[in-house]
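To keep things clear, I will list the structure first and then write my remarks on it.
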Amino acid sequence: MINRRQIVFFVLLILQCVQVTYALAPAGNTDTLEHQRNVFKALENMVVKPNSSEYQRLRDQLEGYPLEPYIEQITLKAYPYLANKDKIDHFLKTYEDTPLDRPLRHKWLYYLMKKNYADLFIEYYKPTSNVELTCQYLTYKLAKQHDVEQIFAQTKQLWVVGKSQPNECDALFSAWARAGHRDEEAILQRLALAADGGTHTLIPYLKSLLPKSKQYLADLWLSVRRSPSKVSTLSRFPKRFPELELDIIQYGVGRLIWRNTDLAIKTWQAALNKYSVSNQRQLATAGKFAVALALSDHEKAGEWLEKASHKNADEQLYRWHLAHLLKSGDWQQVIEVISQMPLDISEGLSAQYWLARAYEQVQASDIANQSYELISGQRHYYGFLASGKLAKKPTIVDKPLSFDEQLLAQVANMPAARRAYELLKLEKYTEARREWFYLQSQLTEQQKLVSAVLADSWSWHDRAIYGFSTTGYLDDIKRRFPMAYSDEVLSNSQANQVDPAWTFAIARRESSFMSDANSSAGARGLMQLLPGTARYLAKKKINTRVLYDPDTNAGYGTQYLRYLLDKMDNNPVLATASYNAGWRRVQQWIPKDKRIAMDVWIETIPYKETRNYVKAVLAYRQIYASQLGQNPPLFSELANMQLGGDVL
């Protein structure tokens, strides 16, 4: 649906650039384009009969249609035979490196591999993430004794992974091993990868490749992988190969610290007495312990945070050191820790906000207010927090991108852009995005910027949002935070009595308004609803495909927001956290024996994903509230809000 802003934009573009063909109004009349879309859909189902008269009749009607090559690709994929070699060759050369290339090239390569046409396979192979094809290519090349050392270097990269590789790699790996390249170092590297997050069932095989003197290391890796507490029996570590044993011990205590804190600490201290442990290894382990202890509010967290602190410590360690001090209310130490941070961290908005908060708490209000004033000029979560502290209106300035209409039209008429647009109209969203990614690789930085405007004019909001983000132009607020699916969002928000600015913010964070979004966890649609959640709300079975319908999704999404608000005593911060992490888990994070400032609670949410999620949604909600003409004191209220004890 084209909204009023898009219509105004389009009219202005036509008036200023009548002579240029624009992608939203391609050459030819609308009826012809719509007819060709219908022909395209019909031909998709006829590729098994490419010689039929009906197929040929319909193909003639696709002449000039941007997606015509897709029909040719689908047809050739159905018949990737040597008889079609010339057609395949011509197609792959014409559309080399475009999204049209790889599906056909892979189909063709698998056919050549099956028939063992080595020379043709080598000719048509291009580097790919497909391990089967890569191994087959290197095997064919090795048979010809071409670039043997380079082939073996690539083979090592394929072999030293934490999982089994396809059978097509067996001959290559055997040749590599016979040539003496499968040395102890490679075996031990793969052993560590298999144990640490890889496929542990690979370990017995790797054990058999080690000399007998080192096979015990594989047994240790396997036992510690299966049960981290086994690392505590240091008598099983004979100190024959100290550094290799320390790798296993360090891995084991790094997992054990999350399960049995005291045993992990005791084991590591015993290891320090038994082995000569490098300072680098000690700091790395101390860092893992410090983060784990800080997350669990362990009484020794401060001690380990101090041990882990050093000038090259990563940002995560500093963040959790700061979080620990915020929880404990040691504001003077907050100032000290921030002063010790590297400049690239201490000058960030997060550190600057907490430094101002610390000065406020130690009664240095003038310094605190000066810092708040500086931060409040930023359109950011921390900038909005600072505005709340000063009880002033948040800074939200919209500076729409100024662009050349001729350049916009030039991008719009590029073949990849035209294909992306037609795929979008046909609701082939995955294919459309592939074309869009390819298009981006062909553009200059300025063209990439105007392509974000183009995507917005097509109501392709996720591509527009991503485009502005990657190019670094962040001030075009209305395009970066579009009022997408406004009818659906506003009506469902009203029906379920939730703030529409909040609904927009959730949808923006969850999917960037991708109506076809589908997460690895199975969440779907605009507001990323899990099918189980939708069924619970509906009190009946539902076809999960309906969650891709924006109105249905917004209906269940806002109903769920209302449900979470009711669970959380109308606290929008807790409800937001619950939308991401689940309300039962969020309730566990609320302190029962003391009160805590809301901004401190947000900063110390144990889950990084939820912590960042809450900050983003709160900031987005403020931006959408501004666009909706609201002037809610969201962050002024947040600045004085507390949790814990008897307070929600």
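Every value quoted in this text rests on a predicted model; they were computed, and no experiment measured them.
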### Task
Report yes or no: is the cationic atom of R508 (NZ for Lys, CZ for Arg) closer than 6.0 Å to the six-membered ring centre of Y620, at no more than 45° off its axis?
yes
### Min side-chain heavy-atom separation K615-H380 under 4.5 Å
no
### Query
Is any side-chain heavy atom of L172 closer than 4.5 Å to a side-chain heavy atom of I151?
yes
### Query
Is any side-chain N of the basic residue among D97 and K126 closer than 4.0 Å to the acidic one's carboxylate O?
yes
### Query
Taking atom types as modelled, is there a side-chain donor on Y140 or N116 under 3.5 Å from an acceptor on the other?
yes
### Query
Using 30° and 60° as the class limits, which term best fits the ring planes of Y382 and Y353: parallel, tilted or perpendicular?
tilted
### Query
Between Q440 and K448, which heavy-atom pair has the shortest distance, and what is it?
O-CE, 3.1 Å
### Query
Just how far is it from atom NZ of K428 to atom CZ of R419, taken to the nearest 0.5 Å?
15.0 Å
## Note on the structure
Heavy-atom nearest pair, R433 first then D462, reads NE-OD2, 3.1 Å
### Query
Of all residues at least two apart in sequence or in a different chain, which pass the ring-ring contact (aromatic ring centres under 6.0 Å, His included) check with F91?
Y95
### Task
Could you check if a side-chain atom of W108 sits within less than 4.5 angstrom of a side-chain atom of L92, using non-hydrogen atoms only?
yes
### Validation row: Y117, Y111 side chains within 4.5 angstrom (heavy atoms)
yes
### Task
Quick one: closest heavy-atom pair of V489 and S493, and the distance?
O-OG, 2.7 Å
### Query
Within the distance-only criterion (no hydrogens, no angle test), does the side chain of Y624 pair as donor or acceptor with the backbone N or O of A619 below 3.5 angstrom?
no
### Query
Within a radius of less than 6.0 Å around CD of Q446, do more than 12 heavy atoms belonging to other residues, nucleotides or ligands occur?
no
### Query
Is the CD atom of E609 crowded by more than 12 outside heavy atoms at less than 6.0 Å?
no
### Residues R379, D475: salt bridge by 4.0 Å N-O rule
yes
### Query
Could you give the distance from CZ (F40) to CG (N45), rounded to the nearest 0.5 Å?
10.5 Å
### Task
With the side chain counted from C-beta on, respond yes when K478 and P400 share a heavy-atom pair under 4.5 Å apart, and no when they do not.
no
### Message
Given 3.5 Å as the limit, does a donor-acceptor pair link the side chain of S469 with the main chain of I465, or not?
### Response
no
### Message
Check K144 with D119, please: is the shortest side-chain N to carboxylate O separation under 4.0 Å?
### Response
yes
### Message
Can you confirm whether Y613 sits close enough to Y607 that some side-chain heavy atom of one is under 4.5 Å from a side-chain heavy atom of the other?
### Response
no
### Query
Are the side chains of I396 and F384 in touch, meaning some heavy atoms are under 4.5 Å apart?
yes
#### Entry: R59-Y55 side chain donor-acceptor pair, cut-off 3.5 Å
yes
### Message
With side chain to side chain donor-acceptor pair (under 3.5 Å) as the criterion, how do D101 and Y438 come out once you've worked through the C-alpha distance, each side chain's angles and the decisive distance to 0.1 Å?
### Response
CA-CA 11 Å; D101 178 328; Y438 171 71; over 6 Å; no
### Message
Determine whether K399 and Y473 satisfy the following criterion, side chain to side chain donor-acceptor pair (under 3.5 Å), listing intermediate values before the conclusion.
### Response
CA-CA 10 Å; K399 295 180 181 177; Y473 191 85; over 6 Å; no
### Query
Side-chain donor-acceptor pair under 3.5 Å between T395 and Q378, yes or no?
no
### Query
Would the number of heavy atoms belonging to other residues, nucleotides or ligands and lying under 6.0 Å from CD of E315 be above 12?
no
### Message
Distance check, rounded to the nearest 0.5 Å: K85 atom NZ versus L112 atom CG?
### Response
9.5 Å
### Query
Hey, does the side chain of Q352 reach the backbone of L374 with a donor-acceptor pair shorter than 3.5 angstrom?
no
### Message
For K107, I'd like to know if atom NZ has over 12 heavy atoms of other residues, nucleotides or ligands within 6.0 Å.
### Response
no
#### Entry: Between OG1 on residue T32 and CD on residue Q61, distance to nearest 0.5 Å
10.5 Å
### Message
Looking at T199 and L202, would you say the former's side chain and the latter's main chain have a donor-acceptor pair under 3.5 Å?
### Response
no
### Task
Given side chain to side chain donor-acceptor pair (under 3.5 Å), test Y556 with N492 step by step and report yes or no.
CA-CA 9 Å; Y556 286 127; N492 284 292; over 6 Å; no
### Message
Using only atom types and a distance under 3.5 Å, with no angle test, would you say the side chain of N84 pairs donor to acceptor with the backbone of K87?
### Response
no
### Summary
On a heavy-atom basis, the closest approach of L439 and A417 is CD2-CB, 3.9 Å
### Smallest separation among heavy atoms of S491 and D551, with atom names
OG-OD1, 4.4 Å
### Message
Strictly by side chain to side chain donor-acceptor pair (under 3.5 Å), give each pair with a member in residues 63-74 just once, sequence neighbours left out.
### Response
Y65-E422, Y70-E435
### Message
Main chain of F504, side chain of R621: is a donor-acceptor contact present, judged purely on distance under 3.5 Å?
### Response
no
### Query
Under a 4.0 Å N-O cut-off, is there an ion pair linking D476 with R480?
no
### Query
Between L133 and Y125, which heavy-atom pair has the shortest distance, and what is it?
O-CE1, 3.7 Å
### Message
To the nearest 0.5 Å, what is the distance between CZ on R37 and CG on L423?
### Response
11.0 Å
### Any donor-acceptor pair under 3.5 Å from Q447 side chain to V411 backbone
no
### Task
Establish, yes or no, whether the cationic atom of R463 lies under 6.0 Å from the six-membered ring centre of Y466 and within 45° of the ring axis.
yes
### Task
Could you walk me through whether E96 and K93 pass salt bridge (Lys or Arg N to Asp or Glu O under 4.0 Å), step by step?
CA-CA 5 Å; E96 187 173 11; K93 286 177 179 175; over 6 Å; no
### Query
Can you tell me how far CG of N553 sits from CG of L529, rounded to the nearest 0.5 angstrom?
5.0 Å
### Message
Working note: E54 + R57, criterion salt bridge (Lys or Arg N to Asp or Glu O under 4.0 Å); need CA distance, chi angles, decisive distance, verdict.
### Response
CA-CA 5 Å; E54 180 64 9; R57 185 183 71 80; 2.7 Å; yes
### Message
Please check this pair: side chain of Q528 against backbone of G525, looking for a donor-acceptor N/O pair closer than 3.5 Å.
### Response
yes
### Task
Without swapping roles, check the side chain of R190 against the backbone of W159 for a donor-acceptor pair under 3.5 Å.
yes
### Query
Taking 4.0 angstrom as the limit, do R524 and E510 come out as a salt bridge?
no
